[in-house]
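Each remark here refers to the structure printed beneath this line.
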There are 2 protein chains.
Amino acid sequence: MSRTATAPSRPASRSAARVVGSGAGRIEPVDHGTRERLLDAAGEVFADRGYEQATIRDICRRAGANIAGVSYHFGDKKALYIEVIAYAHRCADEYDPAREAAGTADPAERLRVFVRTFMQRIGHKGRPAWHARLMAREMASPGAALDQVVRSGVRPKFEALQAILRTLNPSLSDREVELCACSIVGQCLIYHHARPVLTRLFPTLKLDAREIERIAEHITRFSLAAVAAAHRRGGARP
Amino acid sequence: MSRTATAPSRPASRSAARVVGSGAGRIEPVDHGTRERLLDAAGEVFADRGYEQATIRDICRRAGANIAGVSYHFGDKKALYIEVIAYAHRCADEYDPAREAAGTADPAERLRVFVRTFMQRIGHKGRPAWHARLMAREMASPGAALDQVVRSGVRPKFEALQAILRTLNPSLSDREVELCACSIVGQCLIYHHARPVLTRLFPTLKLDAREIERIAEHITRFSLAAVAAAHRRGGARP
DNA sequence: GAGCGATTCAAACATGTGTTTGATAGGCCC
DNA sequence: GGGCCTATCAAACACATGTTTGAATCGCTC
């Protein structure tokens with residue numbers, strides 16, 4: 001019976017049971033059971049170190065759980081990772097830059113809110129915000145959950161940004177909208193994924209909340225000018 | 001001909017391996033000795049997988065060398081990595097986007113050449129061009145050689161870009177120049193470090209040589225418009 | 001050819017990691 | 001209490017990786 005590999009006692013499948021809290025839409029793991037602590041600790045470790053570098057022992061130590069806890073509750077490391085991505089995903093809806101941007105009518109202001117919110121999400125190193133960092137890391141190094149992350153995490157926000165751009169400049173072609181969206185997201189992401197280089201390059205750069213705000217303002221103006229200018233030429237040129 | 005020419009070789013005394021460090025001589029691995037093949041293979045593997053994920057066995061297999069070769073010729077994995085960074089660094093001078101951009105007089109054309117060359121360097125997956133990919137990876141995850149990479153690899157190119165921007169729009173403040181430079185580099189880098197996401201997001205995106213060319217053209221126009229518009233406002237705002 | 005240092009080789013070692021195992025304790029229903 | 005299920009625990013297992021070791025091979029001088 002030892003080698004039959006059928007996982008005779010593998011209650012790991014009972015997964016989605018207790019994530020729900022008491023409140024209506026609350027996702028937060030108010031119940032500090034072992035499973036919830038593991039999910040939370042794993043999210044932080046995965047976001048900080050990446051999938052390969054994260055160790056189960058470290059996760060369990062931070063969660064105050066036994067090494068076997070991961071195997072028992074989730075099956076194996078990869079399953080835990082998938083679950084963490086999904087968990088971060090549900091949480092990420094509350095941090096959706098697109099939703100916050102939808103509040104205002106002026107398209108320029110919508111872009112400003114989008115950029116600012118996006119930068120705050122990925123820039124903040126605080127504890128409850130490893131979700132965006134996890135996404136950014138998954139984007140950088142494709143893991144098992146990339147398809148899922150892209151499909152239901154990245155794509156909707158990207159399309160929201162594209163909608164803002166179309167409103168800003170209706171003369172843009174679909175392809176130009178895509179390229180402009182990439183340009184805007186790229187401007188934001190470099191401050192996250194090249195932070196060590198930038199702090200060495202510009203020792204004056206602090207990247208605190210105030211600085212993030214100013215950088216977001218620069219990116220907004222930079223992109224607004226570029227998008228507005230793009231319509232003066234059609235899209236054809238030598 | 002071995003290392004006796006410049007450096008008195010390193011018997012790499014079994015116990016305390018010494019890293020040569022300076023190595024003022026040899027730049028080209030024209031001699032296909034074990035040491036050179038190891039350097040070349042290590043560069044490729046480090047650029048593809050990153051420092052932690054790269055395995056010495058893989059490097060030695062690609063180089064057709066024995067596992068002990070790394071320990072004998074370089075001391076240990078970290079010393080090999082430092083040496084590879086330095087090696088890539090000397091080679092990178094031939095691939096300097098700034099130098100190629102210096103050929104033309106028109107600042108807009110200089111920016112265009114800079115962006116195009118930069119994107120070709122980091123986008124091309126070919127064998128002889130793992131240098132830029134290595135730099136990009138080192139930027140993303142700071143390793144032991146980050147300071148060295150930034151000081152003599154990134155900074156000069158960044159300053160060249162800033163000089164172009166200043167020529168394009170003399171009314172920009174130092175800080176605005178920095179921010180614009182970050183915006184341009186960020187637009188380029190996203191196609192490298194988020195490539196898996198982008199290919200899933202836009203299945204039509206091919207990222208071959210022609211596509212790279214068109215993206216570079218977009219980034220150039222996007223940034224030219226933004227930089228030109230930046231001078232119409234001073235730098236003050238609500 | 002003999003001697004000697006530089007170099008390469010296969011094998012082993014030490015360590016860290018993901019995973020499994022068998023045992024143990026607690027809760028719950030009959 | 002007895003049986004049964006869930007959850008946790010310490011220990012061990014299996015495997016990959018960086019590193020070392022001692023012998024074998026190569027290349028050169030004499």
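What you see is a predicted model, and the numbers here were worked out from it, not measured in a lab. Labels below follow one simple rule: chain letters A, B, ... track the order of the sequence lines, proteins then strands, and each chain is numbered from 1.
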If we count only N and O atoms by modelled type, under 3.5 Å, do the side chains of B:H218 and A:S183 hold a donor and an acceptor together? yes
Counting just side-chain N and O atoms, does A:S71 come under 4.0 Å of either OP1 or OP2 of C:dT19? no
Among residues two or more places apart or on two chains, list those pairs meeting salt bridge (Lys or Arg N to Asp or Glu O under 4.0 Å) that have a residue in residues 59-70 of chain A. A:D58-A:R61, A:D58-A:R62
Whole angstroms only, please: what is the [atom1]-[atom2] distance between [X] and [N]?
{"X": "B:R49", "N": "D:dG18", "atom1": "CZ", "atom2": "P", "result": "12 Å"}
{"X": "A:D76", "N": "C:dG18", "atom1": "CG", "atom2": "P", "result": "11 Å"}
{"X": "B:R37", "N": "C:dT7", "atom1": "CZ", "atom2": "C1'", "result": "12 Å"}
{"X": "A:K77", "N": "D:dA16", "atom1": "NZ", "atom2": "C1'", "result": "13 Å"}
{"X": "B:L38", "N": "D:dT19", "atom1": "CG", "atom2": "C1'", "result": "15 Å"}
{"X": "A:E52", "N": "D:dA16", "atom1": "CD", "atom2": "C1'", "result": "12 Å"}
{"X": "B:I59", "N": "D:dT19", "atom1": "CD1", "atom2": "P", "result": "11 Å"}
{"X": "A:Y72", "N": "C:dG26", "atom1": "OH", "atom2": "C1'", "result": "12 Å"}

Side chain to side chain donor-acceptor pair (under 3.5 Å) partners of A:S223, counting only residues at least two apart: A:Q187
Who passes side chain to side chain donor-acceptor pair (under 3.5 Å) against A:E159, sequence neighbours left out? none
With B:R155 via salt bridge (Lys or Arg N to Asp or Glu O under 4.0 Å) - residues at least two apart: none
Taking C:dG18, C:dT8, D:dT17 as options, the one with an atom nearest any side-chain atom of B:T34 is C:dT8
Given C:dT8, D:dT8, D:dT17, identify the nucleotide with an atom nearest to the side chain of A:H73. D:dT8
Under 3.5 Å between N/O atoms: give me all the protein pairs with nucleotides 11-15 of chain D, atom names plus distance.
none

Residues that A:A47 engages under side-chain contact (heavy atoms from CB on, under 4.5 Å), provided they are two or more places apart: A:W130, A:R133, A:L134
